[in-house]
Amino acid sequence: MPLRLFNTSSRMKEEIDVSGEEVTIYACGITPYSPSHIGHARQAVAFDTLVRWLRFQGVRVRYVTNFTDISDTIIDASKGEGVDFLEVANRHISDYRISMKHLNVLDADAYPRVTESIDGIISMIETLIEKGNAYLGEDGVYFEIDTAPEKYGRLTGQTLEMVRSGAGGRVASTGAGKRDHRDFALWKIAKPGEPSWDSPFGKGRPGWHIECSAMVHEHFGRQVDIHGGGSDLMFPHHEAEIFQSECCFDVQPFAKHWMHNGMINVDGEKMSKSLGNFWTISDAIDAVGPMVLRYALVNAPYRQPIDFNQVLLDDAEKNHGRLIESIISAGGIGEAKRWDGVESLVNAENSLVRGMEDDLNTRVAIAEMQSVVKILRQANSSQDSLMASACVGWLSAYAGDVLGLLPDEETLQRMVGRVSERRDEIRDKVESLIMMREDARAERNWEEADKIRDEISELGVVIEDGDSGATWRMKEF
RNA sequence: GCACGGAUGGCAGAGUAGCUAUGCAAGGGAUUGCAGAUCCCUGGACCCGGGUGCAAAUCCCGGUCCGUGCUCCA
């Protein structure tokens, strides 16, 4: 069964056509003017989930995401710091890439940058001017909305008239070079001291929207299968792209499928710098670690808004901890086996696949994963190593390959090694302490027993009083 | 104001007509002390008002509330 994905354009779930040679995916990436925030992480994880799922199903995918490495915000930041704008951009791009690695976001096949795509941008603008869709104003080149009014509202359902009236009257009057306030900039003439590139329309820099049209074209040609980004980009950014690409290359639709991920709120409010409730990716990783952050992000389906708060993180931490702990107790991924014929695991698999095929419902996937973790813990405690290794195999595939929630195998094995090494080191000591504690308990000397328990706890060991005496395991891994 | 999306148990969050979602929290039990950990069990929900159906959280109509967007700004 192929993937059915919600298409913003039709507002329906539609099957992704995987019959071609490969599926092409383009996601609008970040503008690197400040440290990346968890909203960026969510966008990246959402598209990573899409890419992972298709590849897991054996579909060839080519995935491209960009960096908008020139913008007013970057120029402002560079002025503030007194450094070159590229230094600002490069620093944040590099931080972003490191964070993505920690979050198990697979590398894209290409990371085009605006500053490296100027030729393609200029040539598109030239074509749009030749075709009469764009005009040169006094401070830049603008796309003229009235040349393609039928393209209005493809994603947001707004009509030309609605936007003409303009945001309930909040929009200021038409800017300097524009004929109509709904027209948007393709090229901005540089002010003195601003970074600029030569062009037939004067020295300047690209407008915000044209870059993505140009980069999609450079990597995928006239059409892309799936295009998207955060839902805040639907208007005006993605609608502007539709105007530019479809008019420039005489193609329709420019993107066969539009995918948009939901936003993140913090404690019920919109996340913003002015409210002081801003979480950078680094903040979140420092607080709970990258895998727990990813867990929190895939715990909700990608289109749902997420309310980011302490409860969410605690929940994610607890559940993700159980996942890792159960795998380590079973000896790590090295012990993995197939699970064919194990009915409970096959059922969990079927349900997960059905969920993922239905618009990447990672919430259902997590629920099934949790049920397998439960089975694994039971298998661990009853020493059923066959069942345990089947569960580990299942988790390696679905929690690992599909959801990206497991550290790489080497790291995991190192954890297993560290735990078992430490366990061997303190085994004799712990077991003699446990015996002493049992003696104390038999004499009902609770004070002594509790003292010994504290001592054991200090070694990083958890005691579990069970019906066949006390067992113990390592607390940390 | 307009557009799009949403409203499910204490919380997060699935489910689109009849069948346990899942996890956390809560309650009960087991583990012959307490705490913890572990295991077993349980209760509890479908924003409001109408309508269609044998049957509605699920479909239709109306309302309320919330989120996002509404231009040169992710």
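Numbers restart at 1 for each chain; the letters A, B, ... are given by sequence-line order, proteins then strands. For the numbers below, each heavy atom of this structure counts, side chains included, while hydrogens, waters and symmetry mates do not.
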How far does the P atom of B:G15 sit from the matching atom of B:G51, given to the nearest Å?
29 Å
Describe the nucleic acid contact of A:His37 in one word from base, sugar-phosphate, nothing, applying a heavy-atom distance below 4.0 Å.
base
Same-atom distance (P) from B:C40 to B:U31, integer angstrom
16 Å
Tell me: CZ of A:Arg441 to P of B:A35, nearest whole Å?
13 Å
So what's B:A55 paired with, Watson-Crick or G-U wobble, going by both distances under 3.5 Å?
none
Under 4.0 Å between a side-chain nitrogen and a carboxylate oxygen: does that hold for A:Glu194 and A:Lys188?
no
Integer angstrom distance from the C1' of B:A45 to that of B:U20:
14 Å
Ring centroids of A:Phe235 and B:G69 base under 5.5 Å with planes under 30°:
no
What integer number of Å spans the C1' atoms of B:G28 and B:G43?
10 Å
Taking only side-chain nitrogens and oxygens of A:Arg322, does any of them come within less than 4.0 Å of OP1 or OP2 of B:C24?
yes
Whole-angstrom distance between B:C47 and B:G6, as gauged at atom P:
14 Å
Step through the shown structure and confirm whether more than 12 heavy atoms of other residues, nucleotides or ligands are within 6.0 Å of CD on A:Glu150.
yes
Paired to B:C11 by Watson-Crick or G-U wobble criteria (both distances under 3.5 Å) is B:G23
First encountered from the 5' end of RNA chain B, between A:Val311 and A:Lys318:
A:Val311
What is the separation between atom CD on A:Gln378 and atom P on B:A30, rounded to the nearest whole Å?
20 Å
Rounded to the Å, how far apart are A:Glu317 CD and B:C11 P?
22 Å
Salt bridge between A:Asp450 and A:Arg441, side-chain N to carboxylate O under 4.0 Å?
no
Whole angstroms only, please: what is the CD-P distance between A:Glu325 and B:A37?
12 Å
Below 30° counts as parallel, above 60° as perpendicular, anything between as tilted: where do the rings of A:His40 and A:His37 land?
parallel
Base of B:G18 relative to its sugar, syn (within 90° of 0) or anti?
anti
Send over the distance from A:Ile93 CD1 to B:A74 P, rounded to a whole Å.
14 Å
Paired with B:C4 by Watson-Crick or G-U wobble geometry, both distances under 3.5 Å: which nucleotide is it?
B:G67
Any A:Arg363 side-chain nitrogen or oxygen under 4.0 Å from OP1 or OP2 of B:A12:
no
When all nucleic acid strands are considered with a 4.0 Å heavy-atom cut-off, which category describes A:Gln304: base, sugar-phosphate, or nothing?
sugar-phosphate
Here the distance between atom C1' of B:A21 and atom CD1 of A:Ile366, to the nearest Å, is 14 Å
Please state whether the phosphate of B:A74, meaning OP1 or OP2, lies under 4.0 angstrom from any side-chain nitrogen or oxygen of A:Thr68.
no
Checking the side chain of A:Ser351 only, and the main-chain atoms of A:Asn347 only, is there a donor and an acceptor separated by less than 3.5 Å?
no
Between B:G13 and B:U32, how far is it from one C1' atom to the other, in whole Å?
41 Å
